[in-house]
2 protein chains.
Amino acid sequence: MNAKGKILIADDEPDIVEIIRYNLTKEGYEIVTANNGDDAIQKAKLSQPDLIILDIMMPRKNGVEVCEILRAQPAFKDTVIVFLTALSDESSHVKGLETGADDYISKPVSPKILVSRIHAIFRRINKEPEEKVIKIDNLEIDPVKFEAKVDSKAVVLAKKEFELLYLLASKPGRVFLRNEILNQIWGNDVIVGDRTIDVHIRKIRQKLGIDCITTVKGVGYKFTM
Amino acid sequence: MNAKGKILIADDEPDIVEIIRYNLTKEGYEIVTANNGDDAIQKAKLSQPDLIILDIMMPRKNGVEVCEILRAQPAFKDTVIVFLTALSDESSHVKGLETGADDYISKPVSPKILVSRIHAIFRRINKEPEEKVIKIDNLEIDPVKFEAKVDSKAVVLAKKEFELLYLLASKPGRVFLRNEILNQIWGNDVIVGDRTIDVHIRKIRQKLGIDCITTVKGVGYKFTM
DNA sequence: ATATTGAGTTCACAATTTCTTAATATATCG
DNA sequence: CGATATATTAAGAAATTGTGAACTCAATAT
């Protein structure tokens with residue numbers, strides 16, 4: 001079976017490991033475990049997990065050290081690392097952020113929170129999700145062929161137009177703020193004028209000839225059929 | 001409203017406030033500001049932010065004092081508080097964390113670090129409870145789609161109307177003071193006349209066609225079904 | 001080397017919607 | 001009943017989006 005993702009759990013307390021393993025396995029993740037710092041590094045290299053959960057307090061290199069060592073390697077530059085922190089150990093939060101951890105989970109571990117947090121992280125990881133063909137009524141959007149069809153008739157869209165349409169249509173009904181759109185399509189640091197989005201929206205509406213993008217004044221745009 | 005989260009910034013240096021406001025607004029956060037300690041406490045109570053950024057050095061109660069006062073109140077037990085510290089003031093880091101702050105950011109503020117830190121904090125908060133569809137009887141309010149439904153029939157609300165309805169419906173039965181409403185929907189630095197709220201309330205009642213907002217004379221409004 | 005093309009952006013202004021105000025009517029409470 | 005608060009209405013202000021045209025910049029064709 002195709003696992004949702006591979007997760008490495010490193011903690012020296014077997015109980016904790018088991019709680020986490022049980023809950024995440026149940027959710028369809030593939031689990032690898034380690035019980036000390038050196039082991040964690042070893043296993044990480046071998047199994048190349050998508051996500052690593054590191055206990056801060058571990059024998060033979062603590063979590064922060066492991067994180068630093070892994071982060072120094074190109075292979076783990078983009079791996080998501082999450083710390084397990086005891087509640088008492090407040091200051092390590094700060095330290096962790098600087099070291100390059102992406103999130104924290106506090107002990108004692110609540111299975112419900114754990115699972116939702118992990119889900120959220122994987123959602124975030126998959127920012128370039130499966131390029132899937134979207135079909136809604138008589139509209140078809142194929143990100144692989146980079147083409148849109150209305151009533152099986154191809155419509156030629158420019159790159160930005162296509163990206164914009166695909167973004168909106170990927171979550172029909174959901175309102176995308178102008179800011180969100182800018183971040184997703186143009187990127188965080190690109191600055192374009194206020195009217196640029198409108199112009200692209202217009203082009204899409206024009207070219208498709210169907211009314212599938214609704215303006216939510218003062219908020220953004222949403223896809224609706 | 002469709003904001004990712006609400007942040008209160010308290011600092012007596014307008015420049016700093018503006019830098020932070022600009023960068024976080026761009027990221028889709030809703031910003032409320034204060035320029036001294038007392039003001040910060042006031043604004044915190046009124047607007048109930050998810051995160052509070054406190055400058056340590058402020059007139060009329062410094063950041064640590066503000067933090068202590070807020071932390072003593074149940075409403076702010078779980079609010080994330082972050083200190084702004086001058087680099088010189090090393091010792092206050094420790095003090096701050098002891099007081100119950102969750103993190104600190106050093107001045108001068110680097111926008112990039114600021115943003116990533118705030119993002120990380122919000123990921124940690126896991127603020128799922130917000131941004132949730134509200135369903136009460138035959139009324140449905142979906143903040144993601146920015147749409148309200150009565151008997152499964154969509155009702156088009158303007159931005160302010162929607163925000164207002166969502167606010168009231170988020171805590172059915174609870175009375176919202178006019179002041180609270182102003183701070184939550186308009187923000188603390190916007191001044192609008194007394195009758196403005198009434199007009200929006202009226203529009204909501206009119207558009208929904210159902211009687212779900214009750215006037216509490218001399219106090220405010222509440223949602224009731 | 002020069003023209004052509006088209007995507008992407010910007011601009012000025014028009015069109016539209018939303019928000020606020022002001023004025024008046026109505027309701028409520030002691 | 002009288003004082004105060006809210007409801008209602010219409011109209012003008014303010015804000016936001018739509019639009020046509022022009023401009024920049026590459027890539028491509030001539």
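What you are looking at is a predicted structure, and each value in this text was computed from that prediction instead of being measured. To find a chain, count down the sequence lines: A is the first, B the second, and so on, and within it residues start at 1.
- Look at NZ on Lys159(B): it is 15 Å from C1' on dT20(C), rounded to the nearest Å.
- With values rounded to the nearest 0.5 angstrom, Ile213(A) atom CD1 is found 4.5 Å from Ile204(A) atom CD1.
- Listed pair Arg178(A) / dT17(D) meets the phosphate criterion, a side-chain N or O lying under 4.0 Å from OP1 or OP2.
- Each of Arg195(A) and Gly218(B) lies near DNA chain D, and the nucleotide nearest Gly218(B) is the one positioned closer to the 5' end.
- Contact between the side-chain N/O atoms of Trp186(B) and the OP1/OP2 oxygens of dT20(C) is found at a separation under 4.0 Å.
- Taking atom CD1 of Ile185(A) as the reference point, atom C1' of dG8(C) lies 13 Å away to the nearest angstrom.
- Distance CD1/Ile141(B) to NZ/Lys149(B): 13.0 Å, rounded to 0.5 Å.
- Nucleic acid contact class of Tyr221(A) (heavy atoms, under 4.0 Å, all strands): sugar-phosphate only.
- Here the P atom of nucleotide dG8(C) and the CG atom of Leu157(A) are 10 Å apart, to the nearest Å.
- Computed from coordinates, the Glu163(A) CD to dA7(C) C1' distance equals 12 Å when rounded to whole Å.
- One donor-acceptor pair, N or O on each side, does fall under 3.5 Å between the base of dT16(D) and the side chain of Lys217(A).
- Atom CG of Leu168(A) and atom CD of Glu163(A) lie 12.0 Å apart (nearest 0.5 Å).
- The pair Glu18(B)-Arg21(B) meets the salt-bridge criterion, with a side-chain N (NZ, NE, NH1 or NH2) lying under 4.0 Å from an Asp/Glu carboxylate O.
- Atoms NZ (Lys160(A)) and P (dC25(D)) sit 16 Å apart, rounded to a whole Å.
- Distance check: Thr215(B) OG1 to Ile201(B) CD1 gives 7.0 Å after rounding to the nearest 0.5 Å.
- Atom CG in Asp194(A) sits roughly 16 Å away from atom C1' in dT19(D) (whole-Å rounding).
- Residues from residues 196-206 of chain A with heavy atoms under 4.0 angstrom of DNA chain C, sorted by number: Thr196(A), Val199(A), His200(A).
- Ile191(B) has its CD1 atom 15 Å from the P atom of dA14(D), to the nearest Å.
- For dG18(D), the OP1/OP2 oxygens have a side-chain nitrogen or oxygen of Thr215(A) closer than 4.0 Å.
- The CG atom of Leu157(A) lies 11.5 Å from the NE2 atom of His200(A); values are rounded to the nearest 0.5 Å.
- The distance from atom NZ of Lys207(A) to atom C1' of dG8(C) is 11 Å, rounded to the nearest whole Å.
- Ion pairing between Arg178(B) and Asp198(B) holds under the 4.0 Å rule for side-chain N and carboxylate O.
- Rounded to 10°, the helix from dA1(C)-dT30(D) to dG30(C)-dC1(D) has 20° between the axis fitted to its first five pairs and the one fitted to its last five.
- For Gln42(B), the CD atom counts as loosely surrounded, since its 6.0 Å shell holds 12 or fewer non-hydrogen atoms of other residues, nucleotides or ligands.
- Ion pair Lys6(B)/Asp50(B) not flagged as a salt bridge, since none of the NZ, NE, NH1 or NH2 atoms sits closer than 4.0 Å to an Asp/Glu carboxylate oxygen.
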